[in-house]
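Inspection log for the structure reproduced underneath, given as structure tokens.
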Amino acid sequence: EVKMSKGIKSADPSAEKIIDWSISEKIETCFDRVEAMKPCPIGETGACCKMCYMGPCRLVGKNAEEEVKGICGASLPTVVARNLVRMIAAGTASHGDHGRDMVFTLEAVAKGETKDFQVKDVRKLYRIAGIIGVEFEGRPVNDVALDVANKFLEDFGRQRGETNYVKRAPQKTQERWKKWGIVPRGIDREIAEAMDRTTMGMDSDPDSLLSHGLRTALANGWGGSMISTDVSDTLFGTPGPVKAEASMGIFKEDEVNIVIHGHEPSLAETIVDIACDPEMLSYAQSKGAKGINLGGLCCTSNEVLMRRGIPTAGGFTNQELAILTGLVEAMVVDVQCIMPAIVEVSKKFHTKVITTSEKAKIPGAQHIQFDEHRARDIAREIIRLAIDNFPNRKAKGSRVTQKYSVIAGFSHEYIEYMQGGRWRASFRPLNDAIMAGRIRGIAAVVGCDNPRVPATGIHKYLVTEFIKNDVLVVTTGCGSQACGVAGFLTPEMALENAGQGLREVCEAIGIPPILHMGACVDNTRILTVATAMAAEGGLSDEIGNMPAVGIAPEWMTEKAISIGCYFAASGVPVIFGGRPPSPIAASQEVIRIMSDVWYERFRGCLIFEPDPEKIFSRTLEFIDNARAFLKLRKYEPGRFGEERVLMDMAARREIEKAERAAKPHIGIY
Ligand code: MSK
């Protein structure tokens, strides 16, 4: 029997209200199960080896790091490293599979096999073609699209060489990858090798294992995920600023509410189109509804929020709660981060859960297989089903009315555009603002929300503290929804909360202090922005050493681990928060490699820090250390602009010496 939750479970007020109601109604959610299910104390630190059936071996006890071995003789660092590498492989596989599906859709469009999609953003297609060496001048769009699709498909199965997008990284970053042997070859090859290396009797050197983990993660960041973002932009349009709404209050009493949830945009985009069809509207009216209202969850939500302004009901932990409003006629899910529990919750209401991918079926759900060759027919079938379900809605449910405005849609291209218009687009103003100290640095606050902590709470705390301290925040995935449902994604947020320097920059450019950059695959937009900033000059000439930090405050998926590792390998210090301990907590050697050794080699690292205040202070330490390394003016709130006084080298050295003397060395833990 599951003990019902008490106390604060979510920092999203609308979610908290619904959770309270679920407790009173005795409807179980993840917030109850998380209390009942204590984590395995061996598995949660990475100390359990189940790579063969002589075990599972538990590498615990006094001096386990040195003295305890598995039956095959594997040491604790070996086991912890192997477990982490398998997480990276799984995360890379998820994003890679997503990317592959997007390429298949592009291929179908290019071959004329589907009329339901087209290349919407030809400029973006040409931009990609230029990067990967596909001739585009004077050629039919679909011929270019087919060559691009074929080149990307090679990236999945390539056995030797480099993934196409490796060359996008700054030269110096690539050199580090070459030096340490982690340039990714093919996406599937790195995943397969990760599984092979980590099995019983294979690689038992933790450093060697973790290096391959980084190679696999890079196959995600500069492979599967980046391909996914670029192909989605090509097919559905590159995002620009768009206004929308967020919170569970987006659902409408008098309309058919359809939730789109998961990660892939293809079906969701089609549902958005078909929902606007007058024929569908009149069908909804014939059933007593005033209209059709779409709302999103998780990263499918981010996809259609960024491009179409479709409102969001929030992130991962809100999925059961959306059904508990009693207002959802259909929850349409595609892939990844879908709790099977939604089917159980839906049985208490009239909601129909519809799975659409053969890769993500749920017992008890209705399955309607998506096929990009007949996307519009499938979308029509799903919307009709939801409309037919509208008369079955019962009075029962926890209604929420409050909702917040959201500005989203900050793609790489738009961030570039907003700093100079179409013809003079650049990253100069952003670099200048950082050099001047108006912007102290950049924090990417991204990733999942997690019921093991007050969900979305660490996100909210960190982003508000960062902007107060003139740190520009970029966000993706459920992190962006945590900000959205708190009302943080508006320019007004800057006026009320940001430090003076950041506020002035936001007002001058007309942006919020927290930039919503998309879904979890779109973390790659952050990589390309960092690359462009390196190319612009004045800061670091590689991604490493930039005054920028990546943070996943409430991470929980294997995808998050893969993302954290590709950021680390690209040169970004990364901090993972949430509940202690960590999946590497059992081994000091693995902790050392992922912090000190990786930092030495790549200027990035992945550290786990559960205390939100320490995450905050350590982020500022990384940023200030990077500023000092780059010999930028020391950040002081409200004091900027004078850096334009030209200093000779002797004067710079004096400043540097004084700063070094004033600041104790802050090491990497
Ligand atoms: S959906 S991976 S809970 S960000 Fe991309 Fe959210 Fe994390 Fe899933």
Side-chain angles (χ1 to χ4, degrees), residues 10 12 15 30-31 34 87-88 90-99 101-102 217 220-221 224-225 228-229 232 246 259-265 268 295-306 312-322 331 333-342 357 359-360 408 444-453 455-460 462-463 474-485 516-526 550-567 574 576-579 583:
S10 171
D12 168 3
C30 65
F31 295 96
V34 84
M87 292 180 89
I88 297 170
T92 303
S94 291
H95 282 156
D97 232 17
H98 174 167
D101 280 346
M102 299 316 303
N220 179 0
S225 283
S228 177
T229 297
S232 298
V259 174
I260 35 194
H261 171 24
H263 280 77
E264 290 186 356
L297 275 166
C298 282
C299 284
T300 302
S301 174
N302 285 322
E303 298 279 359
V304 287
L305 170 65
M306 290 278 286
T312 179
F316 176 74
T317 55
N318 278 10
Q319 56 189 288
E320 291 165 288
L321 308 183
M331 184 173 279
V333 302
D334 49 80
V335 293
Q336 300 171 20
C337 298
I338 300 149
M339 292 188 195
I342 54 176
S357 167
K359 289 182 264 184
V445 186
V446 305
C448 326
D449 50 329
N450 189 333
R452 287 248 175 242
V453 295
T456 73
I458 313 180
H459 286 275
K460 283 174 72 174
L462 286 174
V463 299
V474 295
T475 180
T476 61
C478 294
S480 57
Q481 286 154 328
C483 296
V485 297
H516 184 334
M517 292 184 71
C520 41
V521 286
D522 296 330
N523 280 308
T524 57
R525 298 191 200 276
I526 301 171
I551 303 149
E554 302 179 22
W555 78 279
M556 55 92 198
T557 61
E558 293 162 319
K559 288 180 288 177
I561 290 287
S562 179
I563 294 166
C565 288
Y566 74 62
F567 268 99
V574 176
F576 270 37
R579 57 130 188 161

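Predicted model only: the values in this text are computed from it and were never measured. Start at 1 and go down the list; that is how both ligands and their atoms are numbered.
- Ring geometry for Trp555 versus Phe576: interplanar angle of 30 to 60°, hence tilted.
- For atom 5 (Fe) of ligand 1, protein N, O or S atoms closer than 2.8 Å were enumerated as His263 NE2, Cys299 SG, Cys520 SG, with waters left out.
- For ligand 1, the atoms lying closer than 4.0 Å to a non-hydrogen atom of Met556 are 3 (S).
- With sequence neighbours left out, Phe316 forms a ring pair (Phe, Tyr, Trp, His ring centres under 6.0 Å) with no residue at all.
- Not one N or O on the side chain of Gln319 forms a donor-acceptor pair closer than 3.5 Å with the backbone of Ala341.
- If you run side chain to side chain donor-acceptor pair (under 3.5 Å) between Asn220 and each of Ser225, Ser94, Ser228, only Ser225 comes through.
- Remark: distances from the non-hydrogen atoms of Gln481 to ligand 1 are all 4.0 Å or more.
- The shortest side-chain heavy-atom distance between Val453 and Glu554 falls under the 4.5 Å cut-off.
- Counting all heavy atoms, side chain and backbone alike, Thr92 lies closest to Ala217 at OG1-CA, 4.0 Å.
- Asp101 and Lys359 are joined by a salt bridge, as a carboxylate oxygen and a charged side-chain nitrogen come within less than 4.0 angstrom of each other.
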